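Only a predicted model underlies this, so the values are computations on that prediction, with no experimental measurement involved.
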Amino acid sequence: MLKPAPDRVLRLGPSQRVRRARLGQLPRDTRDTLFLLGVVAWVVLPQVGRLPLWCSLSAGAILVWRGGLALAGKPLPRRAWLLALLVAALAATWATYGTLLGASAGVTFVVALLALKTLELRARRDAMVIFFLGFFTLLTCFFSSQSLVTAVMAVMGLWGLLTALVNAHRPVGTPPLRESAWAAARLALAGAPITLALFLFFPRFAPLWGIPNDGLQGRTGLSSTMTIGQVARLALDDSVAMRIQFDGAVPTPPQRYFRGPVFTHFDGREWTAGAGVAPGVPPPPTRVNLRVSGTPIRYEATLEPTHLRWLPTLDATVTAPQLPPPWRVRRSGDFGWVTNRPIGQLIRFRAVSYPQFTDETPPAGRDDAPFDTRADLQLPAGFNPRTLRWARELQAQAHGDPEAIVQAALRQLRTGGYRYTLDPGITGRNSADEFWFDTKQGFCEHIASAFVILMRGAGVPARVVTGFQGAEKNGFDAYWVVRNSDAHAWTEVWMAPRGWVRVDPTAAVMPARIGEDLRLSPPPGFVGSALDTLNPRLLLQVQALWDAINNRWNQVVLNYTQDRQFDLLRHLGFKQPSWEDLGKVLGVLLALAAGGGIAWSAWKRGEHDPWLRLLQLMRRKLGRQGLDIPANASPRRLAQAVERSALPAALKSALARWLLTLERQRYAPAPADGAISLATLRRQFSRMAWPHDQPRR
């Protein structure tokens, strides 16, 4: 007989064997408490980055304190201490958020309660409270993130909580945690079909399927304002901002401009959407006259949460992008598109864009403009005097011709020794002067801001556009990935009769940034450096594989919308599916699951082991003959009871032989030649001649 466990113990080192021996000698309560504390720590771990620092530190300290008390066998703190800690948690939550309501404040207080509850873990009912608080804390992880990593950590936390719950109901003694873990896994797998049915057919009512975050800062790095140096910091973030699948021809690198917020107002340091427009609020819609030509680009984009209302689309998108309900879009004042509410969840949309277009919309400040605000010529007083002096010189030399002014500025960028860098240094009061005449280096927002200031100083209407430029193809799933490091700032100038024309001054400083999708990136970290040393392409391949896995999760799980629910119903034969049809299908599936559970429970009660079922039949038959048969009597005890009974001698002899044969069939160390099968024993049982029974033929 194989004995792998002792072999594994012998392969352990001395220190490992000592630790395993110490763990095996722990009392049952101590072992179970330490396991539960570890599960609670795992459940809280996904929230650490989103909790206040005081909450994370205090929860960790409480769990360590409680573990020390369990190991030392010391008594738990008195209720006065617990009350004081509870009041402190309430006060700290109120001081942090100014309220006890809302998602962030609620999650913080629940985590504090979960940690504090471990300090009064005395009985099973206390453990039950911890279990249910833990389940609720797992649910709150999805308030701020529904990523694959969060889902995997939640599943592991669920398994740990179920294991602790099963272990709490195990009998006295020291049952192995491995057995409780397997029992918990079987319970989870038993509930998986119902979970799948709920996922597929439970109606998607907004905002249940995408709870927005309380914060206003987006994950993709786009912002409702632009401060000098802000976009450069985004180059340090290599996370995915958007994934795109093109239906046909893929746009060339110079065409991959995904339009985001547009800024027209400058106060000397910060660019905003316009004077009098609150941050985060798109400007009001204006009359837009776009003329498009050429072959359109059709694509589907999956956008990560931005918590902004701008929808990044290629230029120029004439018709409204298609979004799933309840999302709606409208055109902004700068021929971009904005949604009816901040994008706080992963969304997917379809759009059609035309790379070849002209914009005949009059600029602000002209007599035929929709709004005479002169916003596209506005400059703050007292800033960048050298740039404005140069701008007037360019205006005089070009006789006010916008095309000539633009070309002169671009020529200066190409030949004046300017450099594209992530680290241009600290920018002072006159940012444009410093870029044009002093440092001659900057990232895209430095260059774009200085270019617009120069154009406006020369009398040319201009504005700053932010968004993303570039995309890379993932070789694993053929999706094109736009990253936060692709964040970019460029400019648009008014040139009659072409209208607003894109001018990217960064391309004059570093043409490879636009033409070849070449972006600056920070030095890799320790792991990245190690992988790059072993294989320069390994890190890129690992990143592409992980992006493909995440994209699959997004497309299959997070983007399973009500439209896809209705498509599934159409495949099932519903011609015009509705919410009522979803309810009907879900009700039928739940009824079938309930019926299956009832049947399984009845089968379980009847002992589904055929040997046990045959033994139970014999017990019942002997009971009806007047014998006092215990419910757990073994075949040998039944044979002894039959020998002492008043049954006919021939029947007693046959019954005793049958019962002993049944015992050997189950417990014989090795099957003997000619061993009787259960089917034979079942036939013999059915043919026995019982008193008042007719023998079967």
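The structure places CG of Leu63 at 8.5 Å from CG of Leu119, a figure rounded to the nearest 0.5 Å. For the atom pair CD1 of Ile194 and CG of Leu592, the computed distance is 11.0 Å after rounding to the nearest 0.5 Å. Between Leu45 atom CG and Thr137 atom OG1 the span is 13.0 Å, to the nearest 0.5 Å. Rounding to the nearest 0.5 Å places CZ of Arg178 at 11.0 Å from OG of Ser180. Within the model, atoms CD of Gln684 and CG of Leu681 stand 5.5 Å from one another, a figure rounded to the nearest 0.5 Å. Expressed to the nearest 0.5 Å, how far CG of Asp32 lies from CG of Leu37 amounts to 11.0 Å.
Put simply, the side chain of Asn167 does not reach to within 4.5 Å of the side chain of Phe35, judged on heavy atoms. Side-chain contact check for Glu304 versus Leu346: some heavy-atom pair is nearer than 4.5 Å. Put simply, the side chain of Leu572 reaches to within 4.5 Å of the side chain of Leu569, judged on heavy atoms. Here the side chains of Arg66 and Thr33 are in contact, with some heavy-atom distance below 4.5 Å. Looking only at side-chain heavy atoms (C-beta outward), Leu589 and Leu200 stay at 4.5 Å or farther from each other. Pro77 is listed as a side-chain neighbour of Leu69, based on a closest heavy-atom distance under 4.5 Å. Annotation: side chain of Leu662 is in contact with side chain of Leu614 (closest heavy-atom distance under 4.5 Å). For the pair Thr108 and Leu51, the minimum side-chain heavy-atom distance is below 4.5 Å.
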Notebook entry, point to check: Where do Arg657 and Ser653 land on the side chain to side chain donor-acceptor pair (under 3.5 Å) test, with the steps shown first?
Noted result: CA-CA 6 Å; Arg657 287 195 307 272; Ser653 177; 2.6 Å; yes
Note to self: side-chain contact (heavy atoms from CB on, under 4.5 Å) for Val44 and Leu114? Distances and angles first, verdict last.
What the structure shows: CA-CA 9 Å; Val44 175; Leu114 178 60; 4.1 Å; yes
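Applying the ring-ring contact (aromatic ring centres under 6.0 Å, His included) definition to pairs two or more places apart or across chains, those involving residues 612-661 are Trp658-Phe685.
Counting heavy-atom neighbours within 6.0 Å of Arg124 CZ, excluding the residue itself, gives a total above 12. Phe136 CZ: 12 or fewer foreign heavy atoms inside a 6.0 Å radius. The 12-atom threshold is exceeded at CZ of Arg122, counting heavy atoms of other residues, nucleotides or ligands nearer than 6.0 Å. The number of heavy atoms from other shown groups lying within 6.0 Å of CZ (Arg637) does not exceed 12.
Considering all non-hydrogen atoms of both residues, Gly134 and Val43 come closest at O-CG1, 3.7 Å. When all heavy atoms of Leu177 and Thr163 are compared, the closest pair comes out as O-CG2, 4.2 Å. Shown here for Gly157 and Leu138, the closest heavy-atom pair between the two residues is C-CD1, 3.8 Å. Closest approach of Thr99 and Ala105 over heavy atoms only: O-CB, 3.5 Å. When every heavy atom of Ile62 is checked against every heavy atom of Ala115, the shortest pair comes out as CG2-O, 3.2 Å. Smallest separation of non-hydrogen atoms from Ala188 and Leu162: CB-CD1, 4.2 Å.
Residues passing the ring pair (Phe, Tyr, Trp, His ring centres under 6.0 Å) test with Trp159, sequence neighbours excluded: none. Residues meeting the ring pair (Phe, Tyr, Trp, His ring centres under 6.0 Å) test with Trp611, sequence neighbours left out: Tyr667.
Under 3.5 Å, the side chains of Thr680 and Arg683 contain a donor-acceptor pair of N or O atoms. A donor and an acceptor atom, one from each side chain of Tyr97 and Ser104, are nowhere located under 3.5 Å apart. When only modelled atom types and interatomic distance are considered, Ser634 and Glu663 share no side-chain donor-acceptor pair under 3.5 Å.
In this structure, Glu120 pairs ionically with Lys117, as a charged nitrogen and a carboxylate oxygen lie closer than 4.0 Å.
Although no hydrogens or angles enter the test, the distance criterion places no donor-acceptor pair under 3.5 Å between the side chain of Ser56 and the main chain of Leu53. In this structure, Trp42 contributes its side chain and Met153 its backbone to a donor-acceptor pair below 3.5 Å. Proximity of a side-chain donor or acceptor of Arg619 to a complementary backbone N or O of Ala633 within less than 3.5 Å is detected.
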